[in-house]
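Heads up, the thing below is written out as structure tokens.
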2 protein chains.
Amino acid sequence: MDTTADSIFRTLADPTRRAIFEQLMRHGEQNVRVLTEYSGISQPAVSKHLGVLKLAGLVRDRPDGRQTHYSAEPKGLAPLIDWMGLYGAFWRERFDRLEDLLNRMDQ
Amino acid sequence: MDTTADSIFRTLADPTRRAIFEQLMRHGEQNVRVLTEYSGISQPAVSKHLGVLKLAGLVRDRPDGRQTHYSAEPKGLAPLIDWMGLYGAFWRERFDRLEDLLNRMDQ
DNA sequence: CATATTCATAACTGTAGAGTTATTGATCTA
DNA sequence: TAGATCAATAACTCTACAGTTATGAATATG
């Protein structure tokens, strides 16, 4: 499973795939047939998208007889948060320095 | 300018483009020649990436004679934060901190 | 003025990947 | 058991786009 920021970005860059992820986020576990009905694309296309999402750690699957139920994995977004957090720290540091400078000038 | 979540995701999905953005984040304003030297790709390719980043609101340009200086636009990440924020309390706390920081950096 | 530098645009190529249909394996049901 | 349903895979097509080289427009420098 590839859960790097790169994988997350590439996976969520596709609007159809993002829509599937959002659907699972909002409405909980769904099987492939239901997801296909809502997506407006073919079942194999949906299955492929689900495979990519799973590889990126954004969904989990639960096989049950001839059906496969998929659900969102919110924690899968963590690498995205971390990536932004890197720059969060950077901004924080810069801001603190600027603030420090301004405080000195006030005196 | 297209600053939807879709545009941000598509723009940052490319690793070269993300590297350019990170470079600008870490080292501040840079002109095209310098960015080209570090990127390992041709100058026209870099210019094209910068055009895409600019369209997505992630960088700003400052023409100066025959040079064009580019700098990162941290606020451009806001749509990404908004998109993740849709999914509620799970990440709320971390989002709020990031968002607050972004707002402060914007002045 | 002549030459060099810097960046953007045009035109093109090659490839990744999103979609399709066809098919298979597996499981449910009448 | 026979037929129907469900999901995954294979094989294919088509398009978007990341890269290239060539060139032009603008500005700097000698």
Side-chain angles (χ1 to χ4, degrees), chain A residues 1-2 4-24 27-73, chain B residues 1-2 4-24 27-73:
Chain A
M1 195 163 64
D2 180 12
T4 60
D6 185 73
S7 165
I8 309 289
F9 271 120
R10 261 208 332 271
T11 299
L12 292 176
D14 183 82
T16 303
R17 207 146 50 216
R18 215 164 52 246
I20 292 175
F21 179 72
E22 291 175 16
Q23 169 80 6
L24 291 174
H27 300 103
E29 197 183 65
Q30 314 254 330
N31 65 32
V32 177
R33 184 183 52 76
V34 170
L35 288 172
T36 299
E37 285 167 5
Y38 279 98
S39 66
I41 57 175
S42 68
Q43 173 267 312
V46 172
S47 281
K48 205 153 55 168
H49 281 308
L50 288 167
V52 175
L53 284 164
K54 184 185 170 188
L55 208 72
L58 291 167
V59 304
R60 62 183 298 129
D61 60 340
R62 184 175 64 82
D64 173 32
R66 60 183 164 177
Q67 310 191 65
T68 308
H69 302 276
Y70 283 87
S71 53
E73 194 86 90
Chain B
M1 194 162 65
D2 179 13
T4 60
D6 185 74
S7 165
I8 310 288
F9 271 119
R10 261 211 331 274
T11 298
L12 292 176
D14 183 82
T16 302
R17 208 146 48 214
R18 215 166 50 248
I20 292 175
F21 180 71
E22 292 175 14
Q23 168 81 6
L24 291 174
H27 300 103
E29 196 181 67
Q30 314 254 331
N31 65 33
V32 177
R33 184 183 52 77
V34 170
L35 288 172
T36 299
E37 284 167 7
Y38 279 98
S39 66
I41 57 176
S42 68
Q43 173 266 311
V46 172
S47 280
K48 204 153 54 170
H49 281 308
L50 288 167
V52 175
L53 284 164
K54 184 184 169 187
L55 209 72
L58 290 167
V59 302
R60 62 183 297 131
D61 60 340
R62 184 175 64 81
D64 173 33
R66 60 182 163 178
Q67 311 192 63
T68 309
H69 302 276
Y70 284 86
S71 53
E73 194 87 89

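Reckoned from all heavy atoms, side chains included, excluding hydrogens, waters and symmetry mates. Just so you know, these numbers come straight off a predicted model, no measurement behind them. Per chain, numbering begins at 1; letters A, B, ... match sequence-line order.
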Those residues of residues 48-68 of chain B lying under 4.0 Å from DNA chain C by at least one heavy atom: B:Arg66, B:Gln67, B:Thr68

Interface residues of residues 27-37 of chain A with DNA chain D (non-hydrogen, below 4.0 angstrom): A:Asn31, A:Val32, A:Arg33

Sequence-distant partners of B:Tyr70, ring-ring contact (aromatic ring centres under 6.0 Å, His included), two or more places apart: none

Interatomic distance where CD1 belongs to B:Ile20 and P belongs to D:dA18 [whole Å]: 11 Å

Value in whole Å for how far the C1' atom of C:dA16 lies from CG of A:Asp14: 13 Å

Straight-line distance of A:Gln30 CD to A:Ile20 CD1, nearest 0.5 Å: 11.0 Å

C:dT6 OP1/OP2 closer than 4.0 Å to side-chain N/O of B:Tyr70: no

Student check: side-chain heavy atoms of B:His69 and B:Asp61 closer than 4.5 Å: no

5' precedence on DNA chain C between B:His69 and A:Gln43 (nearest-nucleotide basis): B:His69

Reported NE2-to-CD1 distance for the pair A:His49 and A:Ile41, which is rounded to 0.5 angstrom: 4.5 Å

Gap between atoms CZ and P, on B:Arg18 and D:dC17 respectively (whole Å): 17 Å

Between C1' of D:dA18 and CG of B:Leu12, the distance in whole Å: 16 Å

Any B:Thr16 side-chain nitrogen or oxygen under 4.0 Å from OP1 or OP2 of D:dG19: yes

Spacing of CZ belonging to B:Arg10 relative to CZ belonging to A:Arg18, to within rounding of 0.5 Å: 8.5 Å

Short side-chain N/O contact from A:Ser42 to OP1 or OP2 of C:dG19, under 4.0 Å: no

Separation between OG of A:Ser7 and CG of A:Leu53, rounded to the nearest 0.5 Å: 9.5 Å

OG1-NZ distance between B:Thr16 and B:Lys48, expressed to the nearest 0.5 angstrom: 12.0 Å

Selected nucleotide, minimal atom distance to B:Pro44 side chain, candidates C:dA18, D:dA8, C:dT9: C:dT9

From CG (B:Asp6) to CG (A:Asp14), nearest 0.5 Å: 9.0 Å

Any A:Ile8 side-chain heavy atom under 4.5 Å of A:Thr4 side chain: no

